[in-house]
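First up is the structure itself, then whatever we jot down about it.
Just the heavy atoms: all of them, side chains too, but no hydrogens, waters or symmetry mates, feed the values below. Just so you know, ligand 1 is whichever comes first in the structure, and atom 1 is the first atom listed for that ligand.
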Amino acid sequence: MESPLLTLNERSLYDRIGPQALEALVQHFYARVAADPVIAPLFPEDLTETAQRQYAFLSGLTGGPPLYHERYGHPRLRARHLPFALGKPQVQAWLRCMQAALNATPEIGPTEARELYALLSRIAPQMVSTPPETFPVTYTEPHDSEP
Ligand code: HEM
């Protein structure tokens, strides 16, 4: 007997979300990015091309047509983000925009929204390019009395 759960899980996240809802999400996302004081200054004024590339990327990432690869080649996501100074505040701001965009896209159900957010929140910290915090270290010589 076919398990309903198995049938459900066999459908990709892309199939369950659908291209129209994914497109709506990307539009909501960049509207928020453009208004975010932390990350807006990193982006070009006109976000049309950026949104198209993000849609293409998310299509493939969620198991749909690999549009990004077809149109632009390998995404080299980390390398592409290296020119920007991205630390924890920028990652948090990006994810905050994505969270708000998902909330603003009711066409995406809660299960799919949770799944997509979990996927993106695992990728986002990989974009960090600023060096980790360093601490001043004072080296102390061992005491003469120590063995
Ligand atoms: C962690 C915080 C992030 C920040 C601050 C950030 C910022 C940026 C910026 C400034 C650009 C260049 C936009 C342009 O010139 O058009 C960009 C491009 C892009 N980002 Fe991010 N990003 C972040 C995380 C992510 C994540 C998690 C993903 C994966 C879903 C992603 C996917 C992309 C894609 C696909 C592009 C377009 C690359 C291209 O030029 O072809 N970014 N991002």
CZ-CG distance between R96 and D36, expressed to the nearest 0.5 angstrom: 5.5 Å

Is there a side-chain contact between [X] and [Y] (heavy atoms, below 4.5 Å)?
X	Y	result
T62	D15	no
S59	Y68	no
V33	T50	no

4.0 Å heavy-atom contact, F43 with ligand 1: yes

Heavy-atom gap P75 to ligand 1 smaller than 4.0 Å: no

Looking only at atom types and distance, does a side-chain atom of [X] sit under 3.5 Å from a main-chain N or O of [Y], one as donor and one as acceptor?
X	Y	value
S12	G64	no
H81	M127	no
R78	V128	yes
T130	L86	yes

Could you identify the single nearest non-hydrogen protein atom to [atom] and state the distance to 0.1 Å?
atom	answer
atom 16 (O) of ligand 1	T50 OG1, 2.6 Å
atom 5 (C) of ligand 1	L86 CD2, 3.4 Å
atom 28 (C) of ligand 1	W94 CZ2, 3.7 Å
atom 18 (C) of ligand 1	H81 NE2, 3.9 Å
atom 12 (C) of ligand 1	F84 CZ, 3.8 Å
atom 41 (O) of ligand 1	Y68 OH, 2.3 Å
atom 34 (C) of ligand 1	L77 CD1, 3.9 Å

Nitrogen or oxygen atoms of Q90 and ligand 1 under 3.5 Å apart: no

Nearest neighbour of atom 38 (C) of ligand 1 from the list R80, E49, K88, Q54, on a heavy-atom basis: R80

Shortest non-hydrogen contact between Q54 and W94, atoms and distance: NE2-CZ2, 4.0 Å

Where's the contact between [X] and ligand 1, heavy-atom distance under 4.0 Å: side chain, backbone, both or neither?
X	value
L95	neither
V91	both
P44	side chain

Proximal ligand 1 atoms for [X], defined as those under 4.0 Å from one of its heavy atoms:
X	value
A124	1 (C), 27 (C)
L120	30 (C)
I39	5 (C)
F57	29 (C), 30 (C), 35 (C)

Member of Q20, M98, E107 meeting the side chain to side chain contact (heavy atoms under 4.5 Å, CB included) criterion with L25: M98

Under-4.0 Å protein heavy-atom contact, atom 36 (C) of ligand 1: no

F43 with L82, same ILVMFWY side-chain cluster at under 4.5 Å: no

Check against side chain to side chain contact (heavy atoms under 4.5 Å, CB included), E115 and R16: CA-CA 11 Å; E115 226 173 286; R16 285 179 281 140; 2.9 Å; yes

